[in-house]
Structure formats: C-alpha cells, structure tokens
2 protein chains.
Amino acid sequence: MAYKSSDQPAGLPELFSDLVRCETRLYNALNDRLRERHAIVTSQFEFLRHLRDHPGSRVADVAAAFAIGIGATSKGIDRLERDGWVARRPNPADRRSSLLELTGEGRELADAAEATFTERLTELLGDVFGTPGGAAVAQVFATLRAALERDRIGLPTG
Amino acid sequence: MAYKSSDQPAGLPELFSDLVRCETRLYNALNDRLRERHAIVTSQFEFLRHLRDHPGSRVADVAAAFAIGIGATSKGIDRLERDGWVARRPNPADRRSSLLELTGEGRELADAAEATFTERLTELLGDVFGTPGGAAVAQVFATLRAALERDRIGLPTG
DNA sequence: GTACACTATATGCCGTGGCATATAAATCAA
DNA sequence: TTGATTTATATGCCACGGCATATAGTGTAC
C-alpha cells in the first residue's frame, strides 16, 4: 500500500537534511580537487562525462538527464564549446537542434578528470559505502531515481 | 582498515550520480510546493527552521551548519530580515556579530512551511524510506554527515 | 502551398552563491 | 595604553541557473 501523507514517519526531514548536507560537502570537496588538477568543477565534469558516454545528445536530452533547465544547459554547453571541449554538429534530421560531441581535447579531459573524480570519491565514500550495506543503499537510490524520472518529478520550467 | 584509493569499487560514481540527481529533483519538487503555498523556497525554509531550532545563532554558525560561505549566508539573512522574518539582535558578548532570531511572523512561517515540507517529503519518499531498509539508509547518511563535519571536509572559503 | 500550431534552442533579466576584499571589533604583546 | 594580529561580518565582482521571451525550423490541416 502506498504511503498516505497523513502517515509522517519521524526521520524523513532529518534524512533529507543529512542527504543535502552530505551532498553539499561532497560536491565542494570534489570541486576543490577537480579545480586544482584540471581547472574545471564537478558540474562541468558531469557534462563532459555524459557527452562522452552519450555522443550525439541534443541540449534538451542533456537538460532532462540532469533535471536542469534547457536555458541553463544551453549556456553550460556554450562555455564548454568556448573552451574547446565540446562541438555542436548540425543535426541532419532537424535544423533547429545540434548534436553534441566531445572534441579530442574534451575526451582527454573527461578521461583524466574521471580518474581524479573516482579517486577522490573513493577517499570520501569508500569506508562508508564499500560494504554490503553500501550496495543496498546504492540500490535504494537507483530505485528512487528511476521512480522520480518515470513520474517526471522535479523538472524545472525551461 | 581504511579504504585505499587504489581500491575503486565499481558503483561509487554511479551512486554519486544517483544521489545528486535524486537530490536535484527532490529539491525542485519541494521548491514548487513551498513557493506555491508560502512564497519561499526550500533553502529559505531550511534557514528559518534552523533559526527556530537554534535561536541566538551567529551568521558563521549558520554558514557552518549548511556548509556554505559566510558571505552567502550574510546575504541570505539580509533577505529574510528584509522580509520581516528574522531579526539581528546585538550580541552583548561581541559587537562584531549579531545574534539571529525569528520574528513572530518568521516563526509562524517556519511552522506552516514545515507542515507543507514534511507532507510533500512524505509523498516523495514515504514509499521508499518508510521501511526498515529506509531506516538503515538514514543511519548511513547520519554517520557520513558526522564524519564529514568532524573532518571539516567540503567547506567553502568565505 | 499557406496559415497556424508546435518544438528546439538561444538570449535577457534577475536572484543567488563563491571568492576576495574592506571594515569593525576583539585579542594579544609589549 | 597602543600597535599588531586575528576574528566576524558585510560588500563588490563575477559566474551560473531559473524563468520568460525571442527566433528559427517543423509539422499539419485545409
């Protein structure tokens, strides 16, 4: 049976606070390391990694994947393009949109930054999540993410 | 034994992606509901709730609690003060700082917004976390948060 | 094929946070 | 005391995201 909103298990607000505070600090710590080694921040690394693993994405595809606005995504891609890491290719099937792909430099950066990212993340989370319990937590969030995406919850306007 | 960074359990990057994407969508969904009912967003609610529960905090205390910069915190408090929800009281022990507290309106808003917040959060997370496994996840993040705070990881500069 | 609705993206304005700096006050050394 | 150092906060500049709008291209009905 689905949870009724009249049932309010104590602990959900505390869990959300803990999640947000962990995420803030992890993001900051990853930013520090990526900035010092590669002169990019985590959000840029995530774009690069996504485009490496999903070449030919359109701006709207990227926006949907990250649950951020299309305008913000367009501007983020502008910056990566200005820095020579991403190219907009004409979309033969639809001249309103472009197909995005990494340049050679962009791919090198994505790979190098990924090593740094994974190393730092392992320092930060390995003790807590490198356990059977950690795998269970990962499963919970994969499930939650799939549900939020299926129901299109929390997408910005534009 | 602590995790060595040379061990890189597959799944940590995926877990981090899932966490960030869940958090983005949850924050957006909570923003929507709080904006429509109380004309505030989640970050403002979190400030109000914190000041309600920790009256007499200084700006630096709030910044540390949320792992954001002191400047950003000062400006956030400015806005809450401008809207009549927070007051800066002179700190008798140190005239450089102020002691923060909610006004009567601020307290009413915090309480009303908390009901909305908890209701929406329960709709969003009740099914996934209202279970014994959910309690275990909560414990993992409480532990992680405590470790990050103890080691002062991920604090912005100023 | 032309008008009309719809879609994809780019752009402008605004609010907000990070970071560097300025200012005021407290603390410490002599 | 007084001068140097440190601390707490406020402020200015910049980057970035949300939202609204503009523009260009697509699809559809007739």
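What you see is a predicted model; the values in this text were computed from it and never measured. Below, read A as the first sequence line, B as the second, and so on, with proteins coming before strands; counting in each chain starts at 1.
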Quick one: how far along DNA chain C does chain A reach, first to last nucleotide 5' to 3', anything under 4.0 Å to a heavy atom? C/dT7 to C/dC19
Rounded to whole Å, please give me the gap between CD1 in A/Ile77 and P in D/dG17. 11 Å
What residues 23-62 of chain A contributes to the DNA chain D interface at heavy-atom separation below 4.0 Å is none
Are the side chains of B/Asn28 and A/Leu155 in touch, meaning some heavy atoms are under 4.5 Å apart? no
Check the pair A/Phe45, A/His38 against ring pair (Phe, Tyr, Trp, His ring centres under 6.0 Å), reporting the backbone distance first and the verdict last. CA-CA 10 Å; A/Phe45 163 65; A/His38 308 284; 8.7 Å; no
Sugar-phosphate only, base, or nothing, as touched by A/Gly69 at under 4.0 Å among non-hydrogen atoms: sugar-phosphate
Contact check, side chains of B/Arg96 and B/Arg58, non-hydrogen atoms, under 4.5 Å: no
note: A/Leu155, atom CG; D/dC19, atom P; distance rounded to Å ~ 11 Å
So which one's nearest nucleotide on DNA chain C is more toward 5', B/Ala93 or A/Ser98? A/Ser98
Tell me whether the side-chain N/O atoms of B/Ser97 come closer than 4.0 Å to OP1 or OP2 in D/dA8. no
hbond_proxy B/Arg96 side chain to D/dT9 base (donor-acceptor, 3.5 Å cutoff): no
Step by step, work out the salt bridge (Lys or Arg N to Asp or Glu O under 4.0 Å) result for B/Glu119 and B/Arg33. CA-CA 10 Å; B/Glu119 173 187 296; B/Arg33 186 67 64 87; 3.4 Å; yes
Applying side chain to side chain donor-acceptor pair (under 3.5 Å), can you list everything that pairs with B/Thr42, at least two apart in sequence or on another chain? B/Asn31
Please determine if A/Glu14 and B/Arg145 form a salt bridge, counting it only when a charged side-chain N lies under 4.0 Å from a carboxylate O. no
Is the phosphate of D/dT26, meaning OP1 or OP2, less than 4.0 Å from a side-chain N or O of A/Arg95? yes
A side-chain contact here means heavy atoms from C-beta on lying under 4.5 Å apart; do B/Thr24 and A/Phe66 qualify? no
Walking DNA chain D from its 5' end, the first of B/Arg88 and A/Pro156 to be reached, judged by nearest nucleotide, is B/Arg88
Could you pick out which residue, A/Ile68 or A/Asp94, lies toward the 5' side of DNA chain D when each is mapped onto its nearest nucleotide? A/Ile68
With distance as the sole criterion, is a donor-acceptor pair present between the side chains of A/Thr118 and A/Glu114 under 3.5 Å? no
Taking the six-membered ring of B/Phe47 as reference, does the NZ or CZ atom of B/Arg79 fall below 6.0 Å from its centre and within a 45° cone about the axis? no
